[in-house]
Amino acid sequence: MSIGIMWFRQDLRLSDNPALTEACRRCDQVLCLFIDDPQDQTISQVGAASRVWLHHSLAALQISLRNKGSELYFARGASEEILEKLIGQTGAQRVYWNRCYDPLTIDRDRRIKLALRDYQPGTFNALLLQEPWDNLKGDGTAYRVFTPYWRSAVAEFDKDPQLLDTLNTPRHIPPLTRSVGKKLQACVALNELCLLPEFDWHRSMMTHWRCGEVAARAQLERFLKSRVNDYGRGRDLPGQEGTSQLSPHLHFGEISPRHVMNRLLGSRRFDQLSDDELIFAKEIVWREFAYCLLYHFPHSIDEPLDTRFRKFRWARDTDAHLRAWQRGQTGVPIVDAGMRELYATGWMHNRVRMIVASYLIKNLLIPWQSGERWFRDTLVDADLASNSMGWQWTAGSGADASPFFRVFNPVLQGDKFDRQGDYVKRWVPELAGIAERYVHKPWELDAQSRDALDYPSPLVDLKETRLRALKAFSDIKGTNRG
Ligand SMILES: Cc1cc2nc3c(=O)[nH]c(=O)nc-3n(C[C@H](O)[C@H](O)[C@H](O)COP(=O)(O)OP(=O)(O)OC[C@H]3O[C@@H](n4cnc5c(N)ncnc54)[C@H](O)[C@@H]3O)c2cc1C
């Protein structure tokens, strides 16, 4: 009678889950397990908002497993110790998991693989279309520029469409027998993982979301039915629901990128996609590119990839400015709208992520790492790979980054992408009543109208601080690049 442990991590789903499929194929009983391990950089070390999502995602997975006659077991602590304990308690002979790509988890998994070598650990790819070592330049090194990375990925998929094939949900997930289940002393209830905070701010945040595999698939289908056909335009308009909002589902592995790509393509090749569909496919591959950077340049989580930026002179004594930015009180409407959307929903539109990041880095001259940390704590899709890439991209210090001298002007961005101010008015209700032409620059109202607003004056002058940033950049521009 063979018993296997299926260790769920960033793959909280039953379908297209190669480790689970293999466990069900090879074992007579499968112990489905989630470990809240403080060392786990991709899952357990994430911030408060993501832990709330994780709680609900695990609850959804629990239901899916119970519907299949199985059960999800939870444990807390160092994964090595817990796996060893559970192997001892159940007599399991095999362990299965899907791979993660952040440096701490890679190290830990290597140690576990070695320690458990007698239990034939089976590891698989469930998180990406291509693993970071699958798509390299001709000389075997990693791409640092997106376009050739994308071209090479598409060439591979066109050559071998099976790379995008998905696995069905296993028909049968063999549960533990009652007698084996009783021996599991290392396990606790989901609530005992304490993923939900004591104060219940999370309840209103979660009214914006449905977690879990079923919800993720429904979200994808809704997007493909209509929004994708106007994605090229809609994805830039924060006042509309123009994007898929799949990011937290993809981060927690509630849906696989293979499934997303498969549903997008149908039986077509990439060159048969419409322009809008192709732009969406590229975004999915940007996520892959981020994982590739994380894997090959793991220090880029908190250090600039372009080493000239190590000498960059940031502003000092910025605590008050950082707090105003975090709370959406900078006096710049589109920045405040974005930061308040983030706090209320755990998510922010991509265009606005770029605007608020540029404002923090270039107008407030605060190191991008401070913004990255805040995003990590408040985003439900906080993802080490995409978050550090997004921040480094905006800072101009990352791979294929926007040049530092490109300073987003939040007023022009607002006029262009939120022309009627719908987005700003939704998240900054203090500005709901003002005329359209002032909505992105309320400081231009006459003094009386301005005084009547319960809204802060701009924290800094946008023009002056832009010049200050360009000056700071010119000081490092000529130095050697790493
Ligand atoms: C400063 C900054 C920080 C960011 N932090 C994160 C983060 O922590 N987690 C995260 O998932 N994304 C992050 N992004 C990327 C992007 O903003 C989000 O992926 C996107 O807004 C999610 O919304 P969506 O699912 O509706 O995206 P869609 O536009 O529908 O795109 C579909 C999917 O493609 C992927 N994707 C889209 N844009 C990007 C991108 N620029 N980089 C990488 N993947 C992308 C996401 O998985 C997304 O779900 C960040 C961007 C910036 C500028």
Side-chain angles (χ1 to χ4, degrees), residues 10 41-42 46-47 49-50 53 102 127-129 146 149-150 208-209 216 219-220 222-224 227-228 230-238 240-257 259-261 263-264 276-294 301 325 335 338-339 341-342 345-362 366 368-402 406 408 413:
Q10 243 184 311
Q41 230 171 5
T42 38
V46 289
S50 291
W53 186 288
D102 62 275
L127 192 65
L128 299 171
L129 301 171
F146 176 73
Y149 177 88
W150 153 258
H208 298 273
W209 301 102
Q219 179 75 10
L220 172 67
R222 265 197 303 278
F223 173 73
L224 292 180
R227 272 183 260 162
V228 72
D230 191 27
Y231 180 71
R233 192 186 68 89
R235 74 185 181 127
D236 265 330
L237 306 177
Q240 294 181 9
E241 281 191 4
T243 67
S244 70
Q245 299 208 324
L246 282 172
S247 48
H249 301 291
L250 280 162
H251 170 75
F252 286 99
E254 296 172 355
I255 194 166
S256 76
H259 178 76
V260 174
M261 212 51 120
R263 291 288 301 125
L264 178 72
D276 288 296
E277 290 168 328
L278 199 63
I279 298 172
F280 181 68
K282 274 193 185 166
E283 295 303 339
I284 299 294
V285 175
W286 266 105
R287 174 177 174 274
E288 303 272 312
F289 184 56
Y291 273 89
C292 191
L293 294 175
L294 173 68
I301 299 170
W325 177 81
V335 172
M339 298 309 292
E341 178 185 30
L342 171 62
T345 69
W347 187 86
M348 192 196 297
H349 191 280
N350 181 59
R351 164 80 27 203
V352 190
R353 290 188 203 206
M354 294 190 286
I355 297 170
V356 303
S358 172
Y359 179 81
L360 183 84
I361 298 166
K362 296 173 186 176
I366 293 179
W368 60 266
Q369 290 91 335
S370 301
E372 193 273 342
R373 269 195 300 277
W374 182 252
F375 269 29
R376 212 181 322 147
D377 197 32
T378 49
L379 279 170
V380 287
D381 66 18
D383 182 279
L384 211 53
S386 297
N387 201 28
S388 45
M389 181 181 75
W391 278 95
Q392 294 239 32
W393 183 90
T394 315
S397 60
D400 206 0
S402 165
R406 180 166 179 220
F408 281 75
Q413 291 282 315

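This chain uses plain numbering: 1 for the first residue, then up along the sequence. Atoms within a ligand are numbered from 1 in the order they appear, just like the ligands themselves.
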Which atom pair, heavy atoms only, marks the closest approach of [X] to [Y]?
X	Y	value
Y149	C292	CE1-SG, 3.9 Å
R287	L127	NH1-O, 3.1 Å
L379	W347	CD2-CA, 4.0 Å
M354	T394	O-CG2, 3.8 Å

For [X], counting its heavy atoms only, list the atoms of ligand 1 lying under 4.0 Å from any of them.
X	value
A382	8 (O)
W347	22 (C), 23 (O), 26 (O)
L250	47 (O), 49 (O)
R287	43 (C), 44 (N), 47 (O)
S247	11 (O), 22 (C), 23 (O), 25 (O), 49 (O)
G390	1 (C), 2 (C), 52 (C)

[atom]: which protein heavy atom is closest, and how many Å away?
atom	value
atom 43 (C) of ligand 1	S386 OG, 3.6 Å
atom 3 (C) of ligand 1	N387 OD1, 3.3 Å
atom 42 (N) of ligand 1	M389 CE, 3.4 Å
atom 9 (N) of ligand 1	D381 O, 2.9 Å
atom 33 (C) of ligand 1	I284 CD1, 3.7 Å
atom 32 (C) of ligand 1	F280 CE1, 3.4 Å
atom 15 (C) of ligand 1	N350 OD1, 3.9 Å

> Looking at F408, is R406 sitting on its ring face, NZ or CZ under 6.0 Å from the six-membered ring centre and within 45 degrees of the normal?
Replying inline: yes
Mind checking whether [X] and [Y] have side chains closer than 4.5 Å, heavy atoms only?
X	Y	answer
W53	E254	yes
S244	L220	no
Q245	W209	yes

> Has ligand 1 got any nitrogen or oxygen that is less than 3.5 angstrom from a nitrogen or oxygen of L246?
Replying inline: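 There is such a contact, yes.
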> Counting both backbone and side chain atoms, is some N or O of T394 under 3.5 Å from an N or O of ligand 1?
Replying inline: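 Among all N and O atoms of T394, none is under 3.5 Å from an N or O of ligand 1.
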Within the structure, is a non-hydrogen atom of [X] found at a distance of less than 4.0 Å from ligand 1?
X	value
F223	no
W393	no
M354	yes

Measure from [atom] to every heavy atom in [options] and give the option owning the shortest one.
atom	options	result
atom 28 (P) of ligand 1	F289, Y231, W391	Y231
atom 27 (O) of ligand 1	A290, S50, S244	S244
atom 14 (N) of ligand 1	E241, Q245, R353, M348	R353
atom 37 (C) of ligand 1	E372, K282, R376, E283	E283

> Would you call R353 and D381 a salt bridge, taking side-chain N to carboxylate O under 4.0 Å as the test?
Replying inline: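 Here R353 pairs with D381 in a salt bridge, since their nearest N and O are under 4.0 Å apart.
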> Do the charged groups of R376 and E372 touch, with an N to O distance under 4.0 Å?
Replying inline: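 Between E372 and R376 there is a salt bridge, with a charged N closer than 4.0 Å to a carboxylate O.
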>> Looking only at the aromatic ring of each residue, does the gap between the centers of F375 and W391 stay below 6.0 angstrom?
In response: yes
> Is it true that Y359 and W325 have ring centroids separated by less than 6.0 Å?
Replying inline: no
> When you check the side-chain N and O atoms of D383 and H251, is any donor under 3.5 Å from an acceptor?
Replying inline: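 Judged by distance alone, the side chains do pair up.
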